[in-house]
Q: 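Attaching a single structure in structure tokens format; questions to follow.
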Amino acid sequence: MSKISIVVPVYYNADTLELLYEDMKEKILGKLEEYELVFVDDGSGDNSWQVMNSLRDRDPHVKLVKLSRNFGEHAALLAGLSVCTGDCAVTKQADLQEDSGIILEMYESWKRGNKVVLAVRKERKENPVKVFFANMYYAIIRKIVNKNMPVGGCDCYLVDRKVIEVLERLDEKNSSLTLQVLWAGFRTDMIYFIRQDREIGKSRWTLSKKVKLVMDSVMSFSYFPLRLMSGLGVAFNILAVILLIGVLIEKITHNTPIVGWASLMCVVLCSSGVIMLMLGILGEYIWRTLDAARTRPPYIVDEILEESAAEKQDEK
């Protein structure tokens, strides 16, 4: 009999946790052979931890993990994967935008031998501007990072125990867990679903977090920024040589005075901007190298609550 772990990162989700649990209980929990629900509190400032404890009191399959502070969703997922005991594990968002029923489809796909099963967004019923920028992100990832990234993107995925072990060995910070799963290269299947708009609660997925995700995704899995810097350097050098030759020819053939303070300042300012951009990119790489060299853990677990031995004995 196989066991599946459902890992749910929690960050200010007190208003949706009860609804999420009832939705999973109605649609999937009774149809699973053996399961556990792993809720990871990622430093929530509301009463999410109290709601999680109430769920644990009602269901012995619920396991709780409390991080010492907010480390980010990817760190919370990694923490949940590190303590789960299932033969496979599936990640689940707490915002009710994904249909819980897709977990059964992913579970069946895993039974057919797929080590990774991605829940891919076939359609998004959300703000058009938000959808546009999300699609742009996934297009960038497919173009310069990993061509296997699905067109609609994915936040929910099922991974086999072997994949979980690989993710734990990677132990990367400032990275993308989804791209790590794709990078691992195990046999992969895709399940498509329609992502609903968020109706309850407020999203904590801020612009700064989105920008950081783009930078983490590109810099952790691609040489593109460094190659871009080299390309810009070569292009500017070629342009400088062409302009120099043009000025000299103009001076020799037409005896034109070598003037042009305004154009010179434009070139200086433009080239200075490019140099500062390059220094910024190099600084990002240097900072990430320093951060990795410190060997600080990507997350710190404050507390783990699971079914106690006494509770298990009572059940028997």
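The first residue in the sequence is number 1, and the count goes up from there.
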Q: I need the single residue from Val181, Thr178, Ile191 that forms a side chain to side chain contact (heavy atoms under 4.5 Å, CB included) with Cys154. Which is it?
A: Thr178
Q: Please give the remaining members of the hydrophobic cluster of Met276, linking ILVMFWY side chains under 4.5 Å, ordered by chain and number.
A: Ile275, Leu279
Q: Donor-acceptor pairs under 3.5 angstrom involving side-chain atoms of residues 286-300: please list them, not counting sequence neighbours.
A:
residue, atom, partner, partner atom, Å
Arg288, NE, Glu284, OE1, 3.4
Arg288, NH1, Asn174, O, 3.4
Arg288, NH1, Asp216, OD1, 2.7
Arg288, NH2, Asp216, OD1, 3.0
Arg288, NH2, Glu284, OE1, 3.4
Thr289, OG1, Tyr285, O, 2.8
Asp291, OD1, Arg294, NH1, 3.4
Asp291, OD2, Asn174, ND2, 2.8
Tyr299, OH, Ser82, OG, 3.0

Q: So, do Tyr35 and Val90 sit near enough that their side-chain heavy atoms are less than 4.5 Å apart?
A: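 No - every pair of side-chain heavy atoms lies 4.5 Å or more apart.
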Q: Can you pull the salt bridge (charged side-chain N to carboxylate O under 4.0 Å, His left out) pairs that have at least one residue in residues 37-53, sequence neighbours excluded?
A: Asp41-Lys66
Q: Would the distance check show the side chain of Lys92 and the main-chain N or O of Glu98 forming a donor-acceptor pair, the cut-off being under 3.5 Å?
A: yes
Q: Report whether Leu213 and Val151 are members of the same hydrophobic cluster (ILVMFWY, side-chain heavy atoms less than 4.5 Å apart, transitive linking).
A: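 No, separate clusters.
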Q: State which residue, out of Thr91, Val38, Ile28, fulfils the side chain to side chain contact (heavy atoms under 4.5 Å, CB included) condition with Ile6.
A: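 Testing each of Thr91, Val38, Ile28 against Ile6, the sole residue satisfying side chain to side chain contact (heavy atoms under 4.5 Å, CB included) is Ile28.
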Q: Less than 4.0 Å between a side-chain N and a carboxylate O, is that true for Arg58 and Glu18?
A: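 Looking at Glu18 and Arg58, the cut-off is met.
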Q: With a 4.5 Å heavy-atom cut-off, do Ile103 and Ile4 have their side chains touching?
A: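 Heavy-atom side-chain distance check passes, below 4.5 Å.
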Q: Less than 4.5 Å apart, any side-chain heavy atom of Phe193 and any of Arg121?
A: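 Yes, side chains in contact.
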Q: Indicate, with yes or no, if Ile140 and Val120 share a hydrophobic cluster defined by side-chain heavy-atom contacts under 4.5 Å among Ile, Leu, Val, Met, Phe, Trp and Tyr.
A: yes
Q: Salt bridge between Asp160 and Arg187, side-chain N to carboxylate O under 4.0 Å?
A: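 No, no charged N to carboxylate O under 4.0 Å.
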Q: Check whether any side-chain heavy atom of His74 sits under 4.5 Å from a side-chain heavy atom of Ser175, and report yes or no.
A: no
Q: Transitive ILVMFWY cluster of Ile194 at side-chain heavy atoms under 4.5 Å: who else is in it?
A: none
Q: Under the 4.5 Å side-chain heavy-atom rule for ILVMFWY, direct or indirect, which residues accompany Val234?
A: Ile238, Ile242
Q: Using a strict threshold of under 4.0 Å (side-chain N to carboxylate O), is an ion pair present between Glu165 and Lys162?
A: no
Q: Let me check something: do Val166 and Phe221 share a hydrophobic cluster, defined by ILVMFWY side-chain heavy atoms less than 4.5 Å apart, either directly or through other members?
A: yes
Q: Is there a side chain to side chain contact (heavy atoms under 4.5 Å, CB included) between Val40 and Phe71? Walk through the geometry before answering.
A: CA-CA 11 Å; Val40 183; Phe71 286 91; over 6 Å; no
Q: Could you work out, with side chain to side chain donor-acceptor pair (under 3.5 Å) as the rule, every residue matching Tyr21, not counting sequence neighbours?
A: Asp59
Q: Testing the 3.5 Å rule here: is there a donor-acceptor pair between the side chains of Ser109 and Asn114?
A: yes
Q: Decide side chain to side chain contact (heavy atoms under 4.5 Å, CB included) for Leu77 and Val7; before the verdict, give the C-alpha distance in whole Å, the side-chain angles of both, and the deciding distance to 0.1 Å.
A: CA-CA 7 Å; Leu77 286 172; Val7 180; 4.2 Å; yes
